[in-house]
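Since this is a predicted model, take the numbers as computed values, not measurements. Computed from heavy atoms alone, side chains included, the values below leave out hydrogens, waters and symmetry copies.
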Amino acid sequence: MEIAIQALDKVAAGAVANSVENQHVDFKVQGRSLSDTLDNLAEAAACFANAEGGYVLVGVRDDGAGPEAFVGHDLDPVKTRSRIYEITTPALMVDVFELQHAAGSVLVIRVPQGVAVHSVKSKLPTERVGESCWPMDTRRIAAIVDERSGVDWSAVGTSVAPSAADPQAIAVARRMASRAVDPSKRRLADLDELALLRRLGVVDSKGYLTNAGVLLFVGPPGGAALMSYSFRRTPAGRLSANEQLDGPLVVAVERVFDLISARLETTPVSVGKGQQLHLADLPEAAVREAIVNAAMHRDYRVQDRVTIEHAQTQLSVTSPGALVSGVTPTNILTTSSRSRNPQLAQALRMLDLAETAGSGVDRMYAEMTRLGHQPPVFLATTHSVQVSLVGGAPNTNMASFVATLPSHEADDADTMLVLLHLLTKRTLSASEMQPIMQKASSAEAQSVLARLARDDVGILEPTRETASNREPNYRLRERPLVLLGPAVVYKRRTLEQTDRKVIDLVRETSTINARMLKIMFDLDNRQVSRVLADLIARGVLIKTSSASRGPGVTYGAGPAFPRRRGATT
């Protein structure tokens, strides 16, 4: 209900109603006749039920804004509910009630997700996609029915014997298993062929391969290609590679990994203490997740292939079939994992190709943002799903800072999204981050920010002006700000931060050296050099010794050094 109230509040505050409509909210007004109005509301309710449920809000003009948009209604809640039940097939139960909003009276129709596909008066069923209702073809209807009845296409048995498995596919599966971190998965590499297939769960009770087993180890009927791969040096450049990948799925997946890996360029990044990382323009972990997710979740009843379009710093993966019911581009990061092909997904996880359930998209987000790239972009229609990764030269300062974090924070998509946002904005709030992190409420986003502001994490701090608020504005703490250096496009230089500590130290000791700053801020030599260079460039410090290197190099007050406390630089 919070979603509906928030939508009404936005319209009352001046937003145009149709700009507020989304996957879960639709505004309606009464039509010319009661009969037409109830038919229209039943169709809107069925559309929501065929997706993931939502709210039809009657009495608000979708082209209106402010209190004037609230035009009211004279519908009876009981009769409206009964009529929707009567004219939908199968009959749809909804909740209908009056809501007295400050801007006007609204009839709320709360629609649950259906257990079947609903239609109105034998019309073609529709489902809610974004702000619109899209017609459902027979394949989409069949997919929804299977999903909601718990049918797993990939687990259905076939008449193909395990002996039909391609020896190359078995060898690839063993090779994949042998590289797994989990010892129990590595032991799969030592099993004989039949034992391996049984352990992966792709042999049915009658001793035949399931659909998943045929896909993975035999290949689709007729030798159709499962994937296609193309490469251009630039997104609009000449095609320089174009391959159709047929045969067993494990062989196609390994081949496309090799094709992409051979074309990735890397940048060496020093992370201190003699350690160096080689970071690709597109992080390989994100690339692998995009491809495996497409192979794992696509609709195999659609006779088409996964299309992979690769440019030097971009990758686009398009898979046949819509997103699983209830998953949208706006909740894909946080919604519970629902695989269209559970048995196939389990086999891929056993081979260590896929992340544990529900963490593949998180991994893509974390891997992209930790290098300073934008998170993946998902586009979904009723026929296909596309994920796009846009990389480039990594933000070395961001990558170096992330390398200093505990692994559980460095691998956390929420943490990385917050850091990425604060590279270009001085402050952020829970309400700002809620849609970015795809949280259900600002309170959920606030819990993430509060965790990052704890002293044991030490990334954020509330601003002084908002510290007592229930949802404060947050900024980077001093140490992260220093370590991120040029990655932060703004300069938050106040006497509360780096400058103040350096100025206070110079006032006490007259001169300072690099070692003193290294101890004060817990930095390495490269980071200390960056801080000193910035302070000198702004005239806060000047070099006061003739020494060119080592502890003998000292620094003192420069021409822009504040001569009294409270002055700014």
**Asked** When you check the gap from the basic side-chain N to the acidic O, do Asp304 and Arg298 get nearer than 4.0 Å?
**Response** no
**Message:** Within a 6.0 Å radius of atom CZ on Arg263, are there more than 12 heavy atoms belonging to other residues, nucleotides or ligands?
**Reply:** yes
**Request:** Could you list all the side-chain hydrogen bond (donor to acceptor under 3.5 Å, both in side chains) pairs where at least one residue sits in residues 221-238, not counting sequence neighbours?
**Result:** Tyr229-His310, Arg233-Gln312
**Prompt:** Mind checking whether Tyr474 and Leu452 have side chains closer than 4.5 Å, heavy atoms only?
**Reply:** no
**Pairwise side-chain contact, Glu127 with Arg140, heavy-atom cut-off 4.5 Å (strictly under)** = yes
**Item:** Ion pair check, Arg186 and Asp352, cut-off under 4.0 Å
**Value:** no
**Request:** Consider only side-chain N and O atoms of Glu409 and Thr415, and report whether a donor and an acceptor are under 3.5 Å apart.
**Result:** yes
**Prompt:** Who pairs with Tyr208 by ring-ring contact (aromatic ring centres under 6.0 Å, His included), at least two apart in sequence or on another chain?
**Reply:** none
**Prompt:** Between NZ of Lys28 and CG of Asn40, what distance do you get to the nearest 0.5 Å?
**Reply:** 4.0 Å
**Message:** Would you say that Leu209 contacts Val203 through its side chain, given a criterion of any heavy-atom pair below 4.5 Å between the two side chains?
**Reply:** yes
**Side chain proximity check, Asn211 to Thr158, heavy atoms < 4.5 angstrom** = yes
**Prompt:** Would a 4.5 Å heavy-atom cut-off, applied to side chains only, mark Leu188 and Leu200 as touching?
**Reply:** yes
**Asked** Is a side-chain donor-acceptor pair under 3.5 Å present for Thr126 with Glu43?
**Response** no
**Contact check, side chains of Leu348 and Leu344, non-hydrogen atoms, under 4.5 Å** = yes
**Request:** Look at Arg128 together with Asp26 and state whether they make a salt bridge at an N to O cut-off of under 4.0 Å.
**Result:** yes
**Message:** Quick one, Phe378 and Val361 - any side-chain contact, counting heavy atoms below 4.5 Å?
**Reply:** yes
